[in-house]
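Have a look at the structure below before the remarks.
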Amino acid sequence: MDATVIFTVNGQKTTVITDPRRSLLDVLREDLHLTGAKYGCGEGRCGACSVIMDGRRVLSCITPVGEANGKTIRTIEGLADGDSLHPVQEAFLEVGAMQCGYCASGMILTATALLERNPNPTDEEIVKEMNVNLCRCNGYTKILQAVRRAAEKIRR
Amino acid sequence: MTEETLVKITESQRCEPSGGLTGDMKLSRRCFVQIVGAGLLVTVMEGPSLGRGGGRGRASMTVAARVRLNTDGTFAVMTGKVEEGQGSRAQLTQAAAEELQVPADRVHLIMADTALVPDDGITAGSRTTPSTVPAVRQGAATARELLKGLAAKRWKLDGSTLKVQNGVITNAATKETISYTDLAKAGEVEELFQQGISSDVAVMNVSEWDVLGTSVPRPNGRDLVTGAHRYPSDIIRPNMLFGKILRPPSYGATLESIDLSSVADMKDVVVVRDGQFVGCAAATSFRAAQAVEALAKTASWKTVPHPSSKELFSHLKEHARTGDRSRPGNKVSVEKGLSEADKVLSATYEAAYIQHVPMEPRAAVAEWSGDKLTVWAGADWPQRVQRDLAGAFNIPAERVRAIVPDMGGGFGGKHSAEAAEEAARLAKAAGRPVSARWTRAEEFTWAYFRPAAVIECKAGLDANGRITAWDFATINPGGAAADTPYAIADKSIASVGTDSPLAQGPYRCLGATVNNFARESFMDELAAAAGADPLAFRLAHLDNPRIRRVLETVAKHFDWPARRKKVTAELGVGLACGTEKNSVVAACVEVEIDREQGGIKVREVCEAFECGPIQNPANLTSQVQGCIIMGLGGALSEEIQFENGKILNAGFSEYRVPRFSNVPKIDVHLIDNRDIPSAGGGETPIIAVAPAIGNAIFAATGVRIRSMPMRGLLLKQA
Ligand code: FES
Ligand code: FES
C-alpha cells in the first residue's frame, strides 16, 4: 500500500507517494534521480549509500523511506555551496582520495557528519566512524589523509 | 530468439572468462605491437578504421579517428579504453597532451563509446601503458607534425625548423608565431587529419617529458566528489524502467516450468520469458523484485550435482590434465639436479577462489530506437559489448552503440557484460529504456572468480645452500609468473589445466597472485632449510638486476637485517619479491601474532616497485597502495565458499574484504627507471604481499601456512 512521505532533501521540501517499505536509497536514486548515493551491498555493510539525516549519517539502503518522513536529508548533491565545494569535498579532490570514486560520496558524507560533531578527531575516531565504509580500490590510506586534511580546513 | 541461441550465448559468456587465461592473450594480439627503434611502440589496429576510406582490414588509423582539433584550440582525443579507477583517463590525457605540446587541461579525452572511439582492445592485463599510451602518443605526435606542416606552408618554409610550446608554433628564425587556435579557425585541419597516423613519427623522449611524468589529477575528479558523474548504475533515461532477473537456485540448474499467470494481476510489470531467461521490468526496482519473487515461487528447476569448496583442492587435483605437465616447453625431468642435491624439499600450496568485488556491481541501461540499440554498461571492452549484443539480437554491429561510462571498479572482473544483454531484452519487450543493476549477491554468485589453485613445488639444495633443481606445477590458475625469476639451471615449470567448479577469469595479476605466493613461500622454506637469511638466499640466486634493485631498496628502507634479528614469537617479519607484466616488486612486512586467539595482524608493509619511467606518480602511488591493501584480503580473509551449487558467503557480512581497521602502516618506494619503456603498474604490486605475510608468520611462529587465505586458526591448532 502506498503512503505519502514528506521530507526535506538538500533544502527542498519533497513529497513522495510510494510503498513505504522501499529503501530511502531506492527512492533517492529512482524517484528523485539523486544518484550520488550508491548501492554497494544493500545490507548496511559498505557505506556507499550513506546520507546525512537530521545531522547523523544513515545507511539509506537499510532505511525504509517511511522512516524518513518529516526528516531533513543531505545527499552529496547538496553538499557544495553553489560552485564552492564543501571542505571535505575539497580535501578529497586535493589529496586525490578516489580511484574509481564510487565510494567517494559515502566516504565524504560519513566524514562530514563526523567532523560536524567532532572537528578534531583522532585517527582512531576516524577509523571507528568510517569502518563500515568500504573502498574496493582500497584507497584507505589517501582517504584517511583527506579526512585529516578536511578536519584542518574546518578548524581553520 | 530461440532457446538454442540463448543457451549458446549464455555458454559463451560463461566460457569466455573461464578460457580467459589464454583467451586474453589472444585478445591482446588483436593489436600487433612491434618495437621500432628506440623504445617506440607501434600499434596497428585491426578492424574498421573510423576515418574516411577506412573499412575492414588492417589499414592504419587516420589521425581524425584519434585526435580532433576544436576551434578553441583544445583537442578531443578518442580511445576505446575504459576508466574503472586505474587512472587511464588522466594517463591517456597526459600522453596526448605531451605529444601535442599543450597542458593536460586542453585535451578532452573521449573514452569507450563505440560510436566515437577506435577499438583499443580490452582494458586488461596492464596493457594501457605499454600499448594504448604509445598508440595515443603516436596519433597525437602525427597531429602535431601535421599542424606544424600547416604553419610551415603558410610561412613557406621547412616544418622541421619549427618549435611548438603550449599550443603555439614558433618560427625561431623570424620569431613569428601561430597558435593551434588560429590554425583551427582556418578550416583546413579536418581534411588534413584524414591522413593515416605515421608509424615513424618521433615521439617526445622521456628526458623531455613535461606532462607525462607529472601527477595530473583525474580530469573528471570534481564530478566524483560532487556526485555529478553518472556511473553505469546511475544512468537515467526518459521513461526508464528498472529490471530484475530470475536467477537459478544453483549452478547448472535449468528451468523446467514456471507459471507466468501468477503475476498477471501486476499490470504495471513487464514480464519476459525467453527459454531460460525470465525477467521483469517495472517503474521501481522494488516492484520488479516483487514480481520476480512471485514468479520464483512457481518455478520448478532441474538441478545438477556440484562439488563443494570443502573438496575443492582434491577436485582440482583429480581432474588435472596429465598431458599438460609434459607439454612441449615444460621440461619434465629435473632428475639430474635432484640427484645431485644434498636435501630435497617438497610442498603443496593452495589458494581459494576469491572475487574482485568491485564496489559497483554489474549494471547497464539499454534503450532501443527502432532496431537500433544503445547501451551504457559497466564492462571492460565496449566493442565486445557491441559485438555480443549484435550477436544476441541478430542485428549488424553498426546498429549497436555501446558506451562505458567511467565505472566503479573492475580489477579484471568485468570482462563480460551480462547486465547489458539482460537490460536489452527487457527494454525490447517493454518498448522503453531499462536499467538492470545486479545486487551484491548476484555479483558474488553470477560474475566470475579468480581461479583457485593447487601448486606442487619440489626443489633440491646442495651442501652450499644453492638450489640445484626446481620443479613447479601449478594446477588451474594459469601460467602468469609461474616461471621462476631465480637463476636455476635445472628447472621444470608446468601450468596444468583442470576442471574448475566455478566460472573463473582474470583478476588483478591473475594467476601471478597465487603462483608468486607458492614460489616465494617455498623459497623461504628453502632458505630456512639452507640455514640462510631469506634476503641473502634470494640475492644469491638472482641475476635479474631490476628485481635485485627493488629487493635491496625495500630491505634498506625496512631496515631488514636489524628487524630480522628482533623477531619474537609475537612479532615476525617477512619478505618476498617477484616480477610480472614487465614490472618488478619487493615487499617487507611486519605481522603481530596472537597465537592463543589465532590472530594475525599486519602492522606494516614496505614495498618497492619499478615499472619503467613513471607516467603519473600520484596515480601510481594510489595503485600500489591499493594493491597492497587488496592483497591483504586474499592473503588473510577472502575465500568463496560453496556447496550444492550455491555460494555460501555472497555478502559482505560473510565474505571479508579489507576495511579501514585492517590498514597497516604503508611505505611505498617507487623507482623511476628511465632506461626502458613504461609498463603498467596497477597489478604487479599485489603479488608480493601474501607471501611476505606468510613468511613473516613463519618467522614468528615456525608454522608454515600453505593455503590462501592464511587463517590464524591454523596457528591455534599447530
Ligand atoms: S549499500 Fe548501504 S551499506 Fe552498502
Ligand atoms: S575509489 Fe573505488 S571503491 Fe573507493
Side-chain angles (χ1 to χ4, degrees), chain A residues 18-19 21-23 26-27 29-31 33-46 48 75-80 85-86 88-90 92-94 96-106 108 126-144, chain B residues 83-87 215 217-218 221-231 233-236 242 283-287 356-361 406-411 435 437 439-441 618-619 621-623 625-630 632-633 651-653 657-663 666:
Chain A
T18 191
D19 189 319
R21 294 169 300 172
R22 288 177 67 207
S23 69
D26 274 2
V27 172
R29 292 175 54 82
E30 297 177 4
D31 303 24
H33 296 179
L34 293 171
T35 53
K38 305 293 185 221
Y39 169 91
C41 70
E43 56 162 346
R45 306 283 303 194
C46 80
T75 72
I76 192 77
E77 288 91 344
L79 207 58
L85 295 179
H86 186 277
V88 181
Q89 289 172 313
E90 251 173 35
F92 269 67
L93 204 52
E94 286 163 9
M98 63 267 170
Q99 293 182 35
C100 77
Y102 192 81
C103 66
S105 115
I108 289 169
I126 298 172
V127 166
K128 186 159 172 267
E129 185 71 19
M130 301 197 59
N131 212 34
V132 77
N133 291 65
L134 286 179
C135 174
R136 281 300 293 155
C137 298
N138 289 287
Y140 298 113
T141 315
K142 286 193 181 175
I143 295 172
L144 207 57
Chain B
E83 171 64 85
E84 51 193 315
Q86 82 282 34
S215 291
R218 176 138 169 195
R222 192 183 167 99
D223 290 347
L224 304 184
V225 300
T226 59
H229 171 66
R230 299 225 180 224
Y231 292 82
S233 52
D234 301 334
I235 298 288
I236 293 167
F242 295 89
T284 67
S285 53
F286 181 82
R287 184 69 172 156
H356 319 75
V357 200
M359 271 318 287
E360 182 184 39
D406 293 13
M407 61 183 182
F411 318 111
S435 168
R437 301 162 311 177
T439 62
R440 179 58 59 194
N619 184 57
T621 303
S622 294
Q623 288 299 305
Q625 290 173 339
C627 276
I628 290 171
I629 303 174
M630 185 174 255
L632 296 180
F652 285 136
S653 13
V657 294
R659 292 182 176 273
F660 275 103
S661 54
N662 304 114
V663 176
I666 292 180

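Residue numbering restarts at 1 for every chain, and letters A, B, ... go by the order of the sequence lines.
Taking chain A as the reference chain and counting heavy-atom pairs below 4.5 Å, the highest number among B/Ala441, B/Ser285, B/Ser435 is found for B/Ser285. No other option in B/Gly87, B/Pro658, B/Gly221, B/Gly410 has as many heavy-atom pairs under 4.5 Å with chain A as B/Pro658. The greatest number of non-hydrogen atom pairs below 4.5 Å with chain A, out of B/Met407, B/Glu84, B/Arg230, B/Glu83, is found for B/Arg230. Ranked by heavy-atom pairs under 4.5 Å with chain B, the first of A/Ser105, A/Gly36, A/Ala104, A/Cys137 is A/Cys137. Contact tally against chain B (heavy-atom pairs below 4.5 Å) for A/Asp19, A/Leu79, A/Asp26: the top residue is A/Asp19. When the candidates A/Leu144, A/Val127, A/Asn131 are compared by the number of heavy-atom contacts under 4.5 Å with chain B, A/Asn131 comes out ahead.
In this structure, the portion of A/Glu43 lying under 4.5 Å from any heavy atom of chain B is its side chain and not its backbone. Proximity to chain B (any heavy atom under 4.5 Å) is restricted, for A/Ile108, to the side chain, taken from C-beta onward. Contact of B/Val357 with chain A is made through backbone and side chain together, with heavy-atom distances under 4.5 Å. Interface residue B/Pro361: only side-chain heavy atoms are found under 4.5 Å from chain A. When heavy atoms are compared at a cutoff of 4.5 Å, A/Met98 approaches chain B solely by way of its side chain, counted from C-beta outward. Heavy atoms of B/Gln625 lying under 4.5 Å from chain A belong to its backbone as well as its side chain.
Closest non-hydrogen pair, B/His356 versus B/Met630, comes out as O-CE, 4.2 Å. When every heavy atom of B/Ala618 is checked against every heavy atom of B/Ser215, the shortest pair comes out as N-OG, 2.9 Å. When every heavy atom of B/Arg218 is checked against every heavy atom of A/Gln99, the shortest pair comes out as NH1-O, 2.5 Å.
For the pair A/Thr35/B/Tyr231, no side-chain contact is recorded, criterion being any heavy-atom separation below 4.5 Å from C-beta on.
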